[in-house]
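Values in this document were obtained by computation on a predicted structure and should not be read as measured data. Remember, it's 1-based here, ligands and their atoms both numbered in the order they're listed.
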Amino acid sequence: MLRPQSTATRELLNLDGLWNFKVDFNGEGFNQNWAAKPLDTKLQAPVPASYNDIFTDTAIRNHVGWVFYQRSVRVPRGFAGERINVRIDSATHEGIVFVNGKEVARHVGGYMPFSADITDHVKAGEAFNLTIAVNNVLTNETIPPGRVVTGDNGVKTQTYLHDFYNYAGLARSIWLYSVPAVNVQDVTVTTGFDGSTGKVGYQVVTSTSADVRVTLIDEDGKDVASATGASGELAVANVKLWQPGAAYLYQLKVEALVGGQVADEYSVNVGVRTVEVRGNQFLINNEPFYFTGFGMHEDHVVKGKGHDNSFLVNDFELLKWVGANSFRTSHYPYAEEVMDYADRHGIVIIDETAAVGLNQNFAGMFGGPKLPTFGPETGNEKTQANLLQAVRELIQRDKNHPSVVLWSITNESETGIPEAVDFFKPAFDLARELDPTRPVTYINVMTEPFAKCLVAPLADVICLNRYWGWYEDHSDLDNASKHFEAELKGWTEKYPSVPFIVTEYGADTIAGAHSIHNLPWSEEYQSSYLEMSNSVFDKFPGVVGEHVWNFADFQTKPGIFRVLGNKKGAFTRDRQPKAAAHTLRARWSTLNNRKPSGK
Ligand code: GCB
C-alpha cells in the first residue's frame, strides 16, 4: 500500500486535530453502535498522540480495551469522480474504521498503516461521520505479545514482557485521499552502480492494465533517465550516491498511461546505494561501515508515541550533534515521516518489527507466571502467522527507503531452544524472499550466549544487547570489561565471518546525580561504563557497530522496578544531554563512519 501523496492526479486531506473521544469502560461501544451516532462524550483527544498521558483521569490511562475516536469529515468537491480512501497511519494495536456507522476496515498491528476505499459510502462535497475504534489489548497471539490479567478486585491489567509503556491510540496521522480509477498501486525500487553509472531497477503494479512511464529526476529537477514498461532498469550517468551522512535523493516519477494520456502519477524518492555483508564487514557502497548511534523509542512527554515533526527534527539534530550515523527502530516500526527524514539526511536505519517480549524467561522480572515461550498458551501458530504478517508489512512499507540497510526480525526473544528455530526461520526466509537486497538480523539477549543460541546461524549480522557493568557486574567495571571481552571473543571465534553490532549497552542514570566514587546511577558512572564498553569493541574487527541504549530516557510499564521510567538515555526525556552524550560526541564525531582504527 503506497503512502498517500498529492500529485497532479491525487488529492490529499489531512485529518489530524481534535477528535471526539470516548473510552469504552464497560465494553458496550459495539453493541450500542457508538459509531453510528454522535459520540456521547465531552472528551476530545488530539490526533496524532497516544491518549494515555493526555488526561488526568487515571482510569483512562490504565484502561484495557477499546476507545472510540470520532469526527465529521467533509469530502472535498475536487474528489468527485475519483476513488476516495481513508488511511490510518497507525492504530495501536487494533483499529476498526466506520463510515457513518458502517465498518470499512479493520487491522491488527499497532505500528503499521492501513486504508480503505470508501468511494461507495461518501459523496464529494458532503460530510460524513468517521469513527475509529482502537484497542490496546495485547494477547499471546499479537506482535508484540502480552496478557490481560484480571485482579481480585475485577480490574483488568495489561501485562507484557517488554519494559516500554504500552502507549495506545491514534499516534500517527489520518488521511483522506483520492486516486484515479486507473492508478499506480505499488512501486519497488532497487539500486546499484558500476563505476560512475548508477542502476535503478524498478517494478510498477497498476490497478488495471495501463502503460507505464518512469522518469528519474535529480535534485536540480533535471530528468536524468526514463523508460517505459512496468519493470526495467534505468542507467544514471555520473551517479551521485546516497551516502551515510551525505544523502542524495533522486525522484522516480511513475506515470500510468491510458491511451497515451496520464491517468495517474506517483513519485518515490530514490537513493542509489548498495548494502552488502562481506566476511565480517558491513559494506555500504562497497566501503566498510561502522554503526554509531542508539536504540531509540518513539516517546515524549504528554504525546507518548504521538508523532510530532518538531520532535522529529530536534531528535535528528541531536543525533547529528552527538555524531550518530545510525539508529535502530527499537522495538517497532517508526512513523513514515521518520523514515523519510532519515533518507533525506543520510541517517542509516536498522528497521525492526514489533516482535519484542517473545521470551518467558523475563516473566520473573516483569511479573506473571513462567510458561514456555513457545506453546499453545504463548507463542503459537497464530503468533507466528502474525510475526510473518509483521515482516511482510514492514518490508512492503519500507522497502524503498535507502536509509534502511538491515531488517531486524525480533528483539531479545528466547533463542536457545529448538522451538525458536522452528518459530523464527520462516520469518528470516520470508524477509529474504521479499527483499533479496538487504541482510537480515535478530537481536540476541544476554541470557542466550554463543554456546546456547540456535538462531544466530540464521542471521547475516548478529546483534547483541549486552549489559556488562549494569545487570551483570553491576558497579564493577573491571570485571565487566573482562567478561565483555571474553564473551565477544567467544562469539567472534564461533562466527568469524559474520559482522556483529552491539545494539544495546547502557546504564540507568539520573541526570544531575554525581559521584566522585563513580557510583551507579551517576552521570560519571554512565560515561565510564560507555568508555569501558567502547574500548572492548575496539579490540574486535568483527564488531562493526555500537548502539547505546538508549537515545533518551523513556516511559516504562507499571510493575517493573524503574524510577519513573527507563533512565539509560544519553539525553533526558526532554532531550538535554547527560555527561554521557558529551562522552559519545567526543568519540563519534571524529569517526567518519569508520572504526577508531580507521578500518
Ligand atoms: C533490553 C531491552 C530494552 C530495555 C533494556 C533495559 O535488553 O531490549 O527494551 O529497555 O534492556 O534497559 O533493560
| remark: Logged contact type for Phe164 with ligand 1, heavy-atom cut-off 4.0 Å, is neither
| Do Phe316 and His345 have ring centroids that are under 6.0 Å from one another? | no
| Residue pair Gln281, Arg278: steps toward the side-chain hydrogen bond (donor to acceptor under 3.5 Å, both in side chains) verdict | CA-CA 5 Å; Gln281 293 191 316; Arg278 196 183 297 158; 6.0 Å; no
| task | Check ligand 1 against Asn465 and write out every atom of the ligand that is under 4.0 Å from a heavy-atom position of the residue. | result | 8 (O)
| query | Out of curiosity, is His331 lining ligand 1, as in a heavy atom under 4.0 Å away? | reply | yes
| task | Find out whether the Lys NZ or Arg CZ of Arg61 is both under 6.0 angstrom from the six-membered ring centre of Tyr51 and within 45° of the ring's axis. | result | no
| query | Under 4.0 Å from any heavy atom of Tyr471, which atoms of ligand 1 are there? | reply | 6 (C), 12 (O), 13 (O)
| query | At a non-hydrogen distance cut-off of under 4.0 Å, which region of Glu504 contacts ligand 1 (side chain, backbone, both, or neither)? | reply | side chain
| task | Considering the heavy atoms of Phe554, write down every atom of ligand 1 situated less than 4.0 Å from one of them. | result | 10 (O)
| message | Can you name the atoms of ligand 1, numbered from 1 with element, that are less than 4.0 Å from a heavy atom of Asn411? | response | 8 (O)
| field | Any Arg562 heavy atom less than 4.0 Å from ligand 1 | value | yes
| request: Give the residue and atom name of whichever protein heavy atom lies nearest to atom 7 (O) of ligand 1, and the separation in Å to one decimal. | output: Glu412 OE2, 2.4 Å
| task | For ligand 1, find out whether one of its N or O atoms is nearer than 3.5 Å to an N or O atom of Trp549. | result | yes
| note | Going by the 4.0 angstrom heavy-atom rule, the piece of Lys568 near ligand 1 is side chain
| Taking the six-membered ring of Phe540, is the NZ or CZ of Lys489 close enough (under 6.0 Å from the centre) and on axis enough (within 45°)? | no
| field | Asp508, portion touching ligand 1 at heavy-atom distance under 4.0 Å | value | neither
| field | Option among Tyr334, Tyr332, Tyr167 that satisfies the ring-ring contact (aromatic ring centres under 6.0 Å, His included) test with Tyr111 | value | Tyr332
| request: Using side chain to side chain contact (heavy atoms under 4.5 Å, CB included) as the criterion, list what pairs up with Trp321, not counting sequence neighbours. | output: Phe571, Pro577, Ala581, His582, Arg585
| Are His331 and Trp549 close enough that their ring centers fall under 6.0 Å? | yes
| query | Got a salt bridge between Glu504 and Arg466, using NZ or NE/NH1/NH2 to carboxylate O under 4.0 Å? | reply | no
